[in-house]
Amino acid sequence: MVKSLIGLGLAAALAAVFAPPSPAPGAPAPRRVAFIVDSWYPWSHADVIGTRFLQGYRVGDRSYASPVTIASVYADAPAARDQTRALASRYGFRAASSIADALLDDAQRPAPRLTADGVLIATREDLPESGQRQSPMRRVQVVREVLAILDRTGVRVPVFLDKMLAADWADSQAIVVEAARRNVPLMAGSVLPFAPLDRPLRAGRPEVGVVVASTPYWAFAFHAAELLQGFLEQRAARETGIHEIRNVGAGYASLPDRDRWGGAVFDALLASARTRRRPGRPPADALLIRYADGTRAVLALVPEAFDDSEFLLGAQYADGTIATGGLVLGGQPYDHFGYLVHALVEFFTTGRPPVPVERTLLTTGIVLFGRQSAQNGAAVFPPLAIPYIPPRRSHP
């Protein structure tokens, strides 16, 4: 297209190119999801996820018409560029005035009916130092309101939380426990474990795994943790969790036992970066992670070493060999989100999460306790003995 897609949101870009897919004759009605967001504006997470439900999505070279659509959208903190009402007019979903309005046919009735087959929560809750404008309700409050509505109607539908569970550990635990108590299917996480690596790592059980991403911490630590855990959980039939986290920051460069903590892997990863900018920068954060089974891992965030669209992943094995890999996420229209939407389609149509929420509870803990270690200047022995059975595949 002459103007290209730059400057347009995904909804506007796809609407200019595609007509909404029509269901095949006799096909089942699409599952309808209530979408709770902070704001829907161009290239926001609401945009790059939500529009793919409305217009279809791509996984690699293959296009899909989504069997899941959006029933309603509630924006709890609309930005100046918010497009919720304009998109509601274009696509026919309801611009809701509250969470209850998004989920129910009439919240004022004594026995209202649930109008959604699933709930997708993409409200904004970052770490306190992020400097980002946050949603007015804590994530745990949003989830509790959704669960109360499900209790009221007696219906159980799948619930997905975009990115980390919450910016507080107690809240994160509460979300998982309270959903499980009600048998509400729950899933959360990043797009990173679903997007295939440009340079896959070989199979095998590593002694140490290393992930390297850009700064700042609040923007990239969680995505890096998800990529790391999605790889390391494949080392055994059962994940048993983490025993210790120590954030050594720039001290990683002079760590006495740096080789034991993946120093050679880290150096090889920086040298392999496809978008390399400047070598030799020490990490702003370097989390040394010791798993309960003795496996070691490093999550390092390095400023300006490579483009922030690149994530590096590597490992060292018992025989001393090193494997390096990673991926560079594409720019607009951010087609890597098609992999996440494909997983969400599976979740909302089957009610079974393709990845266990315990993985995201573990990665949320990595981020929160990694920050606590940096603030305290000491190792943390967090309550992250979280067992779960890893999924058979990392992405669709």
Exercise for review: Look up atom CD in Glu207 and atom CH2 in Trp261, then write down how far apart they are to the nearest 0.5 Å.
Suggested key: 12.0 Å
Exercise for review: With rounding to the nearest 0.5 Å, note down the distance linking OG1 in Thr153 to CG in Leu114.
Suggested key: 4.5 Å
Practice item. Classify the ring geometry between His336 and Tyr334 as parallel (under 30°), tilted (30 to 60°) or perpendicular (over 60°). Key: perpendicular
Check your understanding: Hey, mind stepping through Arg124 and Asp162 against salt bridge (Lys or Arg N to Asp or Glu O under 4.0 Å) and telling me if it holds?
Key -> CA-CA 9 Å; Arg124 188 99 195 196; Asp162 183 39; over 6 Å; no
Check your understanding: Is there a donor-acceptor pair closer than 3.5 Å between any side-chain N or O of Thr215 and the backbone N or O of Tyr217?
Key -> no
Check your understanding: Do Val155 and Val33 sit in the same hydrophobic cluster, where Ile, Leu, Val, Met, Phe, Trp and Tyr count as joined when their side-chain heavy atoms come under 4.5 Å apart?
Key -> yes
Exercise for review: Decide yes or no on side chain to side chain contact (heavy atoms under 4.5 Å, CB included) for Val59 and Phe194, but give the supporting numbers first.
Suggested key: CA-CA 10 Å; Val59 173; Phe194 298 100; over 6 Å; no
Review point. Is there a path of hydrophobic side-chain contacts, each under 4.5 Å between heavy atoms of I, L, V, M, F, W or Y residues, that connects Val328 with Leu201?
Key: no
Practice item. Please report the shortest heavy-atom distance between Arg58 and Ser63, naming the atom on each side. Key: NH1-OG, 2.9 Å
Exercise for review: Look at the side chain of Ser373 and the backbone N and O of Gly370, then say whether any donor-acceptor pair between them is shorter than 3.5 Å.
Suggested key: no
Review point. Do Val212 and Val210 have side-chain heavy atoms sitting under 4.5 Å apart?
Key: yes
Check your understanding: Can you check whether Ala188's main-chain N or O pairs, donor with acceptor, with Thr360's side chain at less than 3.5 Å?
Key -> yes
**Study point:** Lys/Arg-Asp/Glu bridge criterion (N-O < 4.0 Å) met for Arg276, Glu310
**Key:** no
Point to revise | salt bridge (Lys or Arg N to Asp or Glu O under 4.0 Å) between Arg81 and Asp47, worked out | key: CA-CA 12 Å; Arg81 297 180 295 158; Asp47 195 27; over 6 Å; no
Check your understanding: Checking Arg202 against Tyr317: charged group under 6.0 Å from the ring centre and within 45 degrees of the axis?
Key -> yes
Exercise for review: Please confirm whether the backbone N or O of Pro387 pairs with a side-chain atom of Glu239, one donor and one acceptor, at under 3.5 Å?
Suggested key: no
Check your understanding: Do the side chains of Pro206 and Phe231 get nearer than 4.5 Å, heavy atoms only?
Key -> yes
Exercise for review: Begin with the C-alpha distance, continue with both residues' side-chain angles, and end with the deciding distance and a verdict on salt bridge (Lys or Arg N to Asp or Glu O under 4.0 Å) for Arg144 and Asp171.
Suggested key: CA-CA 11 Å; Arg144 281 173 172 160; Asp171 287 358; 5.7 Å; no
Practice item. Kindly indicate whether the side chain of Val298, heavy atoms from C-beta on, has any atom under 4.5 Å from the side chain of Val211. Key: no
Practice item. Dump the intermediate steps for side chain to side chain donor-acceptor pair (under 3.5 Å) on Arg235 and Thr295, then the final yes or no. Key: CA-CA 9 Å; Arg235 72 192 184 278; Thr295 303; 3.3 Å; yes
Exercise for review: Please determine, by modelled atom types, if Tyr57 and His342 share a side-chain donor-acceptor pair under 3.5 angstrom.
Suggested key: yes
Review point. Would you find a donor on one side and an acceptor on the other, under 3.5 Å apart, between the side chain of Thr350 and the backbone of Arg352?
Key: yes
Exercise for review: Report the residues that fulfil ring pair (Phe, Tyr, Trp, His ring centres under 6.0 Å) with Phe53, sequence neighbours left out, ordered by chain and then residue number.
Suggested key: none
Check your understanding: So, is the end of the Arg258 side chain (NZ or CZ) under 6.0 Å from the ring centre of Tyr252 and within 45° of the ring's axis?
Key -> yes
Point to revise | Arg152 and Pro112, any side-chain heavy atoms less than 4.5 Å apart | key: yes
Check your understanding: Does Arg182 CZ have over 12 foreign heavy atoms under 6.0 Å away?
Key -> yes
Check your understanding: Hey, what do you get for CZ (Arg371) to CD1 (Ile245), rounding to the nearest 0.5 Å?
Key -> 12.5 Å
Check your understanding: Looking just at side-chain N and O atoms, do Tyr91 and Gln55 make a donor-acceptor pair shorter than 3.5 Å?
Key -> yes
Check your understanding: Under 3.5 Å, side chain of Asp285 to main-chain N/O of Leu301, donor-acceptor pair present?
Key -> no
Check your understanding: Would the number of heavy atoms belonging to other residues, nucleotides or ligands and lying under 6.0 Å from CZ of Arg62 be above 12?
Key -> no
Revision key, fill the gap. Here the gap from Phe220 atom CZ to Ser214 atom OG, rounded to the nearest 0.5 Å, amounts to 5.0 Å
Review point. Just by distance, do the side chain of Thr364 and the backbone of Leu165 share a donor-acceptor pair under 3.5 Å?
Key: yes
Review point. So do Asn247 and Leu288 actually touch side chain to side chain, heavy atoms under 4.5 Å?
Key: no
Check your understanding: Tyr41 versus Pro78: any side-chain heavy-atom pair under 4.5 Å?
Key -> no
**Study point:** Straight-line distance of Thr123 OG1 to Arg139 CZ, nearest 0.5 Å
**Key:** 4.0 Å
Practice item. Examine the side chains of Ser135 and Asp76 and answer whether a donor and an acceptor come within less than 3.5 Å of each other. Key: yes
Review point. Stepwise, does the side chain to side chain contact (heavy atoms under 4.5 Å, CB included) test hold for Leu161 with Leu186?
Key: CA-CA 8 Å; Leu161 282 71; Leu186 184 66; 3.5 Å; yes
Practice item. Using the salt bridge (Lys or Arg N to Asp or Glu O under 4.0 Å) rule, take Asp168 and Arg138 through it: C-alpha gap first, then chi angles, then the decisive distance, then the call. Key: CA-CA 9 Å; Asp168 176 87; Arg138 285 169 35 216; 5.6 Å; no
Check your understanding: When you measure from the centre of the six-membered ring of Tyr291, is the NZ or CZ of Arg296 under 6.0 Å away and within 45° of the axis?
Key -> no
Review point. Of the non-hydrogen atoms in Arg205 and Ala236, which two are nearest, and what is the gap between them?
Key: NH1-CB, 4.3 Å
**Study point:** Note: Asp293-Arg238 ion pair, threshold 4.0 Å (strictly below)
**Key:** no
Review point. Taking side chain as C-beta onward, heavy atoms only, is Ile49 less than 4.5 Å from Phe337?
Key: yes
Point to revise | Minimum-distance pair of heavy atoms, taken over all atoms of Pro391 and Val355 | key: CG-CG1, 3.9 Å
Practice item. Please round to the nearest 0.5 Å and tell me the distance separating atom CG of Leu227 and atom CZ of Phe222. Key: 11.5 Å
Check your understanding: Taking the six-membered ring for Trp, are Phe35 and Trp40 ring centroids under 6.0 Å apart?
Key -> yes
Revision key, fill the gap. All heavy atoms of Phe266 vs all of Pro283, minimum pair found to be CZ-CD, 4.4 Å
Check your understanding: Counting distance only, does the side-chain N/O of Ser130 pair as donor-acceptor with the main-chain N or O of Leu127 below 3.5 Å?
Key -> yes
Exercise for review: Determine, using the 4.5 Å side-chain heavy-atom cutoff (strictly less than), whether Tyr388 and Ile242 are members of one ILVMFWY cluster.
Suggested key: yes
Check your understanding: Do any N or O atoms from the side chain of Thr115 and from the backbone of Leu103 form a donor-acceptor pair under 3.5 angstrom?
Key -> yes
Check your understanding: Do any N or O atoms from the side chain of Arg290 and from the backbone of Glu244 form a donor-acceptor pair under 3.5 angstrom?
Key -> no
**Study point:** Side-chain touch His243/Ile289, heavy atoms, less than 4.5 angstrom
**Key:** no
Point to revise | Hphob cluster co-occupancy, Leu232 + Leu197, side-chain heavy atoms under 4.5 angstrom | key: yes
Exercise for review: Quickly, which of Glu226, His223, Lys163 forms a side chain to side chain donor-acceptor pair (under 3.5 Å) with Thr363? Name it, please.
Suggested key: Glu226
